[in-house]
Amino acid sequence: MLPNLELILAIESSCDDTAAAVLSGRKVLSNCIANQSIHKTYGGVVPELASRAHQSKIIPVVDQALVQANIDKNELTAIAYTQGPGLMGSLLVGGAFAKSLAIALNLPLIPINHMQGHLLVHFIEEEGIETPQFPFLGVTVSGGHTQLVLVKDYFKMEVLGTTLDDAIGEAFDKCGKRMGLDYPSGPQIDKLARTGNPNKFNFPIPNMKGFNVSYSGVKTAFTNFIHKETQNNSNFINENLNDLCASLQYTLVQIILKKIEQVAKAYNLNQIVIGGGVAANSELRNQLSNRKQSHQWKVFLPPLKYTTDNAAMIGIAAFYKLQEKQFGAITDTSQARLKY
Ligand code: KG4
Ligand code: ZN
């Protein structure tokens, strides 16, 4: 077992996934995730239920990650955890667990910014992952964030643009809920859209000045449209589900694509690096790939397993902190609104 490389146990618990991973250097030995199905019943994440579920899942998930990696906890070099941003109750469970384990094993602690982790997955050493060069344009698209980030170095990131209201994933989920789809709706909309017509219905693309985006307008337009149509025909959603999904998805993706184009041009960046749950979206992936030639971009799309929340992304970020011996303290607090 690779004796000279550092072994990092990473824990991620910022929202509704309880995740643990073991990395040896930049290689992922295990990447385990326990999803919390309880939130489906409520059509969205219920923070209190998420923290309770983290409490019951964290020990089995960490155990599973160590077993799959074939590592004994006494062989570990450091413990990494998500410090923020995220839901406070969820962050506290992972943070407290990581701190307790670090004290028990007398290991250094490495607190990680979740959003930095989403972008640093591209530095994992694995077949199929190509690593970008600094500086590049990082785009984080998830259920909680939509950000365009100038990435100058592993931990030197400057937010150039962000959503002023809803995140792109939130828009997928809320519009999906309006169509009666389960939470999270993003993956289902993606699937249903494959056989739908993206030009059947038109939803507005906001014309925002600067590098910020907005998703609340399209969400409201979509909700009002559904309301109006179902008054005339109560079966409207069922009869048009695939076209509704395709048209909505097309609009949500165009909003971020337009901004990526503007920012890339303004900052003269030709490496576009995508991270976060919505990076799994096939329309976004296709549209970006189509622009490789026309815009002379190098596009970095993470493998699907590293798009939605996972602990390998926390582990790879921790690897770079470990090289610099940038450790955290037992007194560090979880931060719901941690900035880059
Ligand atoms: O990064 P993530 O797991 O959690 C946050 O940090 O928010 O992202 C979850 C989001 C959800 O909104 C989910 O609907 C969306 O990612 N998502 C997708 C797809 N897969 C996940 N959205 C569109 N298409 C997908 N294929
Ligand atoms: Zn995330």
Side-chain angles (χ1 to χ4, degrees), residues 10-19 21 31 33-37 39-40 43-45 47 50 54 81-87 90-91 94 112-121 138-147 149 162-163 166-179 181-194 196 198 215 218-219 244-257 274-288 301-314 316-317 336-338 340:
I11 293 165
E12 150 62 30
S13 71
S14 65
C15 189
D16 60 338
D17 294 303
T18 319
N31 185 36
I33 304 178
N35 302 111
Q36 302 180 356
S37 53
H39 306 289
K40 273 200 176 105
V45 177
H54 282 306
Y81 69 98
T82 304
Q83 187 182 17
L87 300 171
S90 292
L91 291 166
I112 295 296
N113 180 311
H114 179 87
M115 301 313 293
Q116 292 184 339
H118 269 308
L119 290 173
L120 294 175
V121 285
V139 183
T140 48
V141 279
S142 72
H145 294 87
T146 308
Q147 291 172 327
V149 186
T162 182
T163 179
D166 293 347
I168 182 170
E170 201 178 344
F172 269 103
D173 295 337
K174 287 185 176 160
C175 293
K177 189 175 179 182
R178 187 63 193 83
M179 290 186 283
L181 301 178
D182 278 347
Y183 173 86
S185 315
Q188 295 159 78
I189 292 176
D190 191 353
K191 211 165 157 195
L192 291 161
R194 279 177 206 164
Y215 276 100
V218 57
K219 183 189 70 186
L244 280 168
C245 288
S247 304
L248 171 70
Q249 175 174 272
Y250 174 81
T251 313
L252 298 178
V253 167
Q254 283 301 317
I255 292 173
I256 191 70
L257 274 175
I274 313 292
V278 184
N281 184 263
S282 57
E283 168 75 5
L284 179 63
R285 293 174 88 94
N286 290 339
Q287 292 284 357
L288 285 165
L301 298 166
L304 293 186
K305 63 182 169 186
Y306 299 138
T307 55
T308 42
D309 291 346
N310 63 85
M313 69 189 215
I314 303 306
I316 187 67
R337 294 189 170 273
L338 186 64
Y340 280 90

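For ligands, and for the atoms within them, numbers begin at 1 and follow the listed sequence. What you see below is based on every heavy atom in this structure, not just the backbone, and it leaves out hydrogens, waters and symmetry mates.
Closest to atom 15 (C) of ligand 1 among all protein heavy atoms lies Val278 CG2, 3.9 Å. Looking from atom 10 (C) of ligand 1 to the surrounding protein, the closest heavy atom is Gly143 N, 3.5 Å. Given atom 24 (N) of ligand 1, the protein heavy atom at minimum distance is Asn281 ND2, 3.0 Å. With respect to atom 2 (P) of ligand 1, the closest heavy atom belonging to the protein is Asp309 OD1, 3.3 Å.
Interface of His114 with ligand 1, defined as ligand atoms under 4.0 Å from a residue heavy atom, comprises 6 (O). Proximity to His118 (heavy-atom distance under 4.0 Å) selects the following atoms of ligand 1: 1 (O), 6 (O). Heavy-atom contacts of Gly186 reach the following atoms of ligand 1: 14 (O), 18 (C), 19 (C), 22 (N), 23 (C), 24 (N), 25 (C) (cutoff under 4.0 Å). Within ligand 1, counting atoms from 1 as listed, the ones closer than 4.0 Å to a heavy atom of Ala280 are 20 (N), 26 (N). Every atom of ligand 1 with a heavy atom of Gly144 under 4.0 Å away is listed here by number and element: 7 (O). Atom numbering of ligand 1 starts at 1 in the shown order; those under 4.0 Å from a heavy atom of Gly277 are 1 (O), 2 (P), 8 (O), 16 (O), 17 (N), 18 (C), 19 (C), 20 (N), 21 (C). The contact set between ligand 1 and Thr308, taken as ligand atoms under 4.0 Å from a residue heavy atom, comprises 3 (O), 21 (C).
Among the atoms of Phe172, none of the N or O lies under 3.5 angstrom from an N or O of ligand 1.
Side-chain atoms of Asp182 and Gln188 include no donor-acceptor pair closer than 3.5 Å.
By the side chain to side chain contact (heavy atoms under 4.5 Å, CB included) test, Asp17 is found to be paired with Ile33, Asn35, Asp309, residues two or more places apart in sequence or in another chain being considered.
The number of heavy atoms from other shown groups lying within 6.0 Å of OH (Tyr183) is above 12.
Between Thr140 and Leu119, the shortest heavy-atom contact is CG2-CG, 3.7 Å.
Legend: protein N/O/S atoms lying under 2.8 Å from the Zn ion (ligand 2), waters omitted, number 3.
Taking a 4.0 Å cut-off on heavy atoms, Gln249 fails to register as neighbouring ligand 1. For the ligand labelled ligand 1, residue Pro187 lies inside the 4.0 Å heavy-atom shell.
Closest heavy-atom approach to atom 11 (C) of ligand 1 within the set Asp173, Thr140, Asp190: this belongs to Asp173.
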